[in-house]
Amino acid sequence: MKTFTVELGARSYPIYIGSGLLSRPELYQQHIKSKQVLVLTNETVAALYLEPVVSAFTGYTVATVILPDGEQYKTLEFLNRVFDELLTRKFNRNATLIALGGGVIGDMGGFAAACYQRGIPFIQIPTTLLAQVDSSVGGKTGVNHALGKNMIGAFYQPLCVLADTATLNTLDNRQFSAGLAEVIKYGLIRDIEFFVWLENNMEKLLERDPELLAYVIERSCLNKAQVVADDETESGVRATLNLGHTFGHAIETGCGYGSYLHGEAVAIGTCQAADLSWRLGWLDDNEKDRVIRLLAQARLPITPPELATERFLELMEVDKKNLDGQIRLILLHAIGKATLPVNIDHSTLRMTLENYGKA
Ligand code: NAD
Ligand code: GLY
């Protein structure tokens, strides 16, 4: 097992990474101070992994909330089911919420914990690659709104993150690739050595070689933990973690939540960000091609859906990085070097939206 700490002063917490950690409940139980525990999960993950978590809590009062599976349920309406259960069971403010699942459950669980009685402790047990390398770490929590992705939320850090890499054995290939989009992101924004390693090892990684997979999760978490420690609430460098996300969120919202997986939309958005960086003269032809090639090698989509340019722009105007009505994007100065949010001239942005990925 590897342990990393997210260094946030009094709110610092460990990330435990290893195979079979679900059978070591003491790792997360040591952080729980009350006898009331609510486990939030979804129908798919419940069938696979709820039992070992719940049965570890003999002598506790354990409630479970099992949501339907899908990004389209990441809403305030479905979040309310958690509050209904917490209140029906008369859970107190020292009750602990455990989010067991992918990024949807982690984001919703964290937000429910941030809101219930103004904040109760919570623990992340991520079970997708995307959640293990990104969403479970760093305390961004929230839900979607019909008009914008992740628009309702809070920064709220967990007590610990427990990533059992064995849970990834039941993940299908499409979901596995979606997680790789966020892995590649770390290489692109701040870790060129990792990017080159991914170029050289992608085929074996797709076969889920356990040693390579462990390395990828650890290196991703280390990158994420460092960025979050430097800028917890995104006043600066944390925004670089949003490379490709403004395009990606527009795709997710515009095509209907769930039609593209988050990681797939991010992959397409990253290609668009690379194309725009190239149009601005910041990436050369070879660098742009390497970005797109690696994402394609990870079996991710690289071509945007049919969304009219005006609609794309309208969707991109709803983004947390924008200021004073101005679209601001994370782009690339080089592979391994992201910009901070930059104001983008609409005419160049239009060139990317109208030309990138079009036959
Ligand atoms: P997800 O939570 O929808 O999970 C993907 C699918 O895998 C679901 O169908 C789920 O039921 C299933 N699943 C989960 N674990 C499984 C397992 N071990 N075996 C088999 N199936 C399993 O999607 P995701 O890709 O994990 O997360 C995407 C979400 O994360 C988006 O809502 C995105 O906005 C959010 N996100 C948040 C952050 C953050 O910093 N908070 C960062 C990146 C993404
Ligand atoms: N995934 C973006 C962030 O955590 O900041």
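Counting convention: from 1, in listed order, for ligands and their atoms alike. None of the values given here were measured: they were computed from a predicted structure.
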Arg299: which residues meet the salt bridge (Lys or Arg N to Asp or Glu O under 4.0 Å) condition with it, sequence neighbours left out?
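If we apply the salt bridge (Lys or Arg N to Asp or Glu O under 4.0 Å) test to Arg299, skipping adjacent residues, there are no hits.
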
Report yes if the side chains of Lys33 and Pro121 come closer than 4.5 Å at any heavy-atom pair, otherwise no.
no

Does the side chain of Leu241 come within less than 4.5 Å of Val227's, by heavy atoms?
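Yes, close enough: below the 4.5 Å cut-off.
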
For a distance cut-off of 3.5 Å, show me each N or O of ligand 2 paired with any protein N or O, plus the separation.
unit_1   : atom_1 : unit_2 : atom_2 : d
ligand 2 : 1 (N)  : Asp134 : OD1    : 3.3
ligand 2 : 4 (O)  : Lys224 : NZ     : 2.6
ligand 2 : 4 (O)  : Arg238 : NH2    : 2.8
ligand 2 : 5 (O)  : Lys140 : NZ     : 2.8
ligand 2 : 5 (O)  : Arg238 : NE     : 2.7
ligand 2 : 5 (O)  : Arg238 : NH2    : 3.4

I'd like to know if the side chain of [X] pairs up with that of [Y] as donor and acceptor (distance under 3.5 Å, no hydrogens or angles considered).
| X | Y | result |
| --- | --- | --- |
| Asp231 | Ser235 | yes |
| Arg89 | Gln36 | no |
| Thr41 | Tyr49 | no |

Distance-minimising heavy-atom pair for Asp164 and Gln132:
O-NE2, 3.1 Å

Looking at every heavy atom in both Thr270 and Leu243, which two are closest together, and how far apart are they?
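Answer, listing the atom of Thr270 first, then Leu243: OG1-O, 3.9 Å.
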
For residues 10-21, pull every pair meeting side chain to side chain donor-acceptor pair (under 3.5 Å), keeping only residues two or more places apart or in separate chains.
Arg11-Glu232, Tyr13-Gln157, Tyr16-Gln30, Tyr16-His31

Non-hydrogen atoms closer than 4.0 Å to ligand 1: which protein residues do they belong to? List them by chain and number, please.
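Ligand 1 pocket, heavy atoms under 4.0 Å: Asn42, Thr44, Val45, Leu48, Tyr49, Asp69, Glu71, Lys74, Gly102, Gly103, Val104, Asp107, Thr127, Thr128, Leu130, Asp134, Ser135, Lys140, Lys149, Asn150, Thr167, Thr170, Leu171, Gln175, Glu182, Lys224, His262.
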
